[in-house]
Amino acid sequence: MFELLITMLERLGIIVMIAFILTRFGFFRHLITSTQLTVRQQMIAACFFGLFGIIGTYSGFTFNTSTSEFAIWATDIQTDDAIANFRVIGVVLAGLLGGYKVGIGAGIIAGVHRFFLGGYTAFPCGIASILAGYLAGLFRKNNQRPTLSKALFIGAGAEAIQMLLIFLLARPLDRALALIEMIALPMIIANGLGCALFLLIMKTVIQQEDKIGASQTQLSLRIADQTLVHLRKGLTANSAHAVCEILHNETQTIAVSMTNQTNILAHVGMASDHHQEKSPIQTQITRDAIRSGQLVIAKDQMIHCAHDECPLGAAVIAPLKQRGETIGTLKFYYHSAKEISPLSIELISGLSSLLSSQLEISSADHAYKLAQEAEINALQAQISPHFLFNSLNTITSLIRVDPGKARKMLVSLSHFLRQNLSATTESSITFEQELRHMKAYIMIEETRFQNKFTVSYDIDESCLHEMLPPLTLQPIVENAIKHGIYPLDRHCTLTIEIKRKQDSILVMVTDSGQGIAADKIDLLKHRHVPSETGSGLALHNINRRLTLMFGSRAALQFESEPNKGTCVHFVIPLMEETEHVRNHPHTHH
């Protein structure tokens, strides 16, 4: 028995190897951190852990009770043979990580396989596998990750139950008792430790990746804090040099450079003797990056520097964009391409997006100074730095775990910022443009606060080319989310409706949030109402601009009940009536 225990503990190295390999798959990282799985994810998890249970069976030992001998691998099962194995580990982890449905699914796969292998313990072992998955799933709590101690005791307990079933169902009884006497304790100990060890490895790797992600986030925010003051002046030689100094000090690169569309604005680090500031761009690949607007990795043979002894062996070139147009590049240089890691590429991509956003902010500041309408100025001031940096923080966190979602959020944030900027120069835009701006904001908030709310749209497409003041829908939606939905712990709904009603267009934004007190609704109709989380200017200015452009009929209307939600709606008269309002404003009171 002692020899079997030592051998099984040595065989746990296979479990360690499999656990480490599985941590390379994003699905398993999601599985161990997620509280809810879709049906498809449950089926995939059941199949994977069922397969892991089968591997656990084959990585065990066949044991013959007549001769008290065991084979190194469980491959050729005779009638008198049983298996000392690690099948329980995969099944128990399936239940702990995925719930009882996943546990039962994995148990069926591993159990049926064990049954068809044969041997006098085939039936009780197959039943025990299914039961182990079900019982482990009962110990899973949706809002809590499984602990190592729980995995240890449930794994050991599941194996103990298997021994009990062998005693009750396996025959002849004397052979079953001899088997239990020899393998029970080694299997209970080995499988309990195996469950805990598997979970420990997965958690350790994921926590390490989380630490790296947090470090990257802190680095990005630290850089953002240092560079914002410089890029608020726009992309100039002075601001570019200051930013390159910061990036060179904060990152492990031999040189950092920034260009506009034609010239090198700044170059800090090695090769500054010939990559001189204010000189024309030296390399063709930089021109290609500007033309394509895509991040480019340049190796030695691709840089084509005109200087024969240039020490710059590789570079990552990221575009800097403003209002969708590439206005320059951000370049990080290395001795060789071997120094460029995927983590470095993700960081540089995030930094280029961050600096592009700061340039957008710079453009926003300039546009703000030139804006002529007080209402638009007030709305422009509603762009919260906290919202921007929280969005960037979320993007940076997603870069490691879900790059696709990070890219989508960057696109939405870029569109959101561009639309806020364009609002300072336009008096009216189409519903289609306004909806794109609003949806960009909603996508950002849905990504930041997953499963907090569900959005539905009821849009009459014939209304999409009609006009309304810019920054009308998005602030109303933001108000609904920020003040109606976020304060609640429950899931909420948000509905946006745009419908044609004879001579007008009806716009409704409805949420199932906490509602607005009746006395506050009356105040909202006449003046701005400050709150703990906002100035109250947004709705007030929307109301003023709607009534100035379309008359009193277009004023915001509020319907709300505490803890049931709020509906904000207004009417846009169609073109003929709108022109009449503009030409005869005294007819509307």
Side-chain angles (χ1 to χ4, degrees), residues 212 216 219-220 223 227 231 235 237 239-322 324-359 395-396 399-400 403-404 406-407 410-411 414:
I212 294 173
Q216 295 285 75
L219 175 61
S220 298
I223 290 173
T227 56
L231 288 183
L235 187 59
S239 65
H241 184 84
V243 170
C244 286
E245 288 277 8
I246 294 168
L247 295 175
H248 185 55
N249 292 333
E250 293 284 355
T251 59
Q252 301 297 319
T253 54
I254 62 174
V256 178
S257 176
M258 290 180 73
T259 75
N260 58 19
Q261 292 178 323
T262 57
N263 296 324
I264 300 172
L265 294 177
H267 185 100
V268 176
M270 299 180 68
S272 58
D273 57 329
H274 59 279
H275 287 264
Q276 296 178 351
E277 299 175 1
K278 301 182 181 179
S279 63
I281 292 175
Q282 300 278 320
T283 59
Q284 180 60 39
I285 194 152
T286 302
R287 301 185 188 94
D288 294 340
I290 293 172
R291 185 167 51 251
S292 67
Q294 302 293 323
L295 184 143
V296 176
I297 301 173
K299 299 180 181 179
D300 181 42
Q301 62 271 23
M302 300 171 66
I303 292 180
H304 297 302
C305 180
H307 196 278
D308 293 337
E309 298 182 359
C310 181
L312 307 178
V316 179
I317 306 172
L320 294 173
K321 296 186 177 184
Q322 194 169 5
E325 179 186 359
T326 302
I327 61 170
T329 62
L330 174 66
K331 303 195 288 185
F332 291 81
Y333 289 100
Y334 301 83
H335 287 295
S336 69
K338 295 179 180 179
E339 298 177 8
I340 304 175
S341 67
L343 194 63
S344 300
I345 296 172
E346 291 173 3
L347 174 63
I348 294 168
S349 177
L351 288 175
S352 70
S353 300
L354 185 150
L355 297 183
S356 295
S357 296
Q358 290 184 342
L359 290 170
I395 291 168
T396 306
I399 285 173
R400 288 292 300 167
R407 284 192 295 272
L410 274 173
V411 171
S414 175

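Below, each value reflects all heavy atoms present in this structure, side chains not excepted, and no hydrogens, waters or symmetry copies.
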Check: How long is the gap from OG on Ser414 to CD on Gln322, to the nearest 0.5 Å?
Finding: 10.0 Å
Next item on the list: Answer yes if the side chains of Lys331 and Thr286 hold a donor-acceptor pair under 3.5 Å, and no otherwise.
Entry: yes
Checklist line | Trace of the side-chain contact (heavy atoms from CB on, under 4.5 Å) decision for His275 with Leu312 | finding: CA-CA 10 Å; His275 287 264; Leu312 307 178; 3.7 Å; yes
Item checked: Straight-line distance of Asn260 CG to Ile327 CD1, nearest 0.5 Å -> 8.5 Å
Report, one line per pair, each donor and acceptor closer than 3.5 Å where one atom sits in a side chain of residues 344-353; sequence neighbours left out.
| from | atom 1 | to | atom 2 | distance (Å) |
| --- | --- | --- | --- | --- |
| Ser344 | OG | Ser341 | OG | 2.9 |
| Ser352 | OG | Ser349 | O | 2.8 |
| Ser353 | OG | Ser349 | O | 3.2 |

Next item on the list: With sequence neighbours excluded, tell me which residues meet side-chain hydrogen bond (donor to acceptor under 3.5 Å, both in side chains) with His248.
Entry: none
Next item on the list: Sequence neighbours left out, what passes salt bridge (Lys or Arg N to Asp or Glu O under 4.0 Å) with Arg291? Give chain and number order.
Entry: Asp288
Item checked: Residue pair Pro280 / Ile264: nearest heavy atoms and the distance that separates them -> O-CD1, 3.9 Å
Note to self: Please find the pair of heavy atoms, one from Thr227 and one from Gln358, that lie closest to each other, and give the distance.
What the structure shows: OG1-OE1, 2.9 Å
Margin query: So, using side-chain hydrogen bond (donor to acceptor under 3.5 Å, both in side chains) as the criterion, who are the partners of Thr253 when residues are at least two apart?
Written below: Thr251
Check: Where do Pro311 and His335 come nearest, in terms of heavy atoms and distance?
Finding: O-ND1, 4.1 Å
Check: Taking side chain as C-beta onward, heavy atoms only, is Ile340 less than 4.5 Å from Phe332?
Finding: no
Checklist line | Partner residues of Glu250 under the side-chain hydrogen bond (donor to acceptor under 3.5 Å, both in side chains) criterion, sequence neighbours left out | finding: Arg222, Gln226
Notebook entry, point to check: Of the non-hydrogen atoms in Leu235 and Leu359, which two are nearest, and what is the gap between them?
Noted result: N-CD2, 3.8 Å
Item checked: Spacing of Leu320 atom CG and Thr326 atom OG1 [to the nearest 0.5 Å] -> 8.5 Å
Notebook entry, point to check: Can you say whether the rings of Tyr333 and His267 are parallel (under 30°), tilted (30 to 60°) or perpendicular (over 60°)?
Noted result: tilted
Check: Atom NE2 of His241 and atom CD1 of Ile246: how far apart are they, to the nearest 0.5 Å?
Finding: 10.5 Å
Check: In Å and rounded to the nearest 0.5 Å, what is the CD1 to CG distance from Ile317 to Leu295?
Finding: 8.5 Å
Check: Looking at residues at least two apart in the chain, or sitting in another chain, which of them share a side-chain hydrogen bond (donor to acceptor under 3.5 Å, both in side chains) with Thr259?
Finding: Thr329
Check: OG of Ser357 to CD1 of Ile395: how many Å apart, nearest 0.5 Å?
Finding: 7.0 Å
Next item on the list: Return the minimal non-hydrogen interatomic distance between Pro319 and Gly293, and the atom names on each side.
Entry: CG-O, 3.3 Å
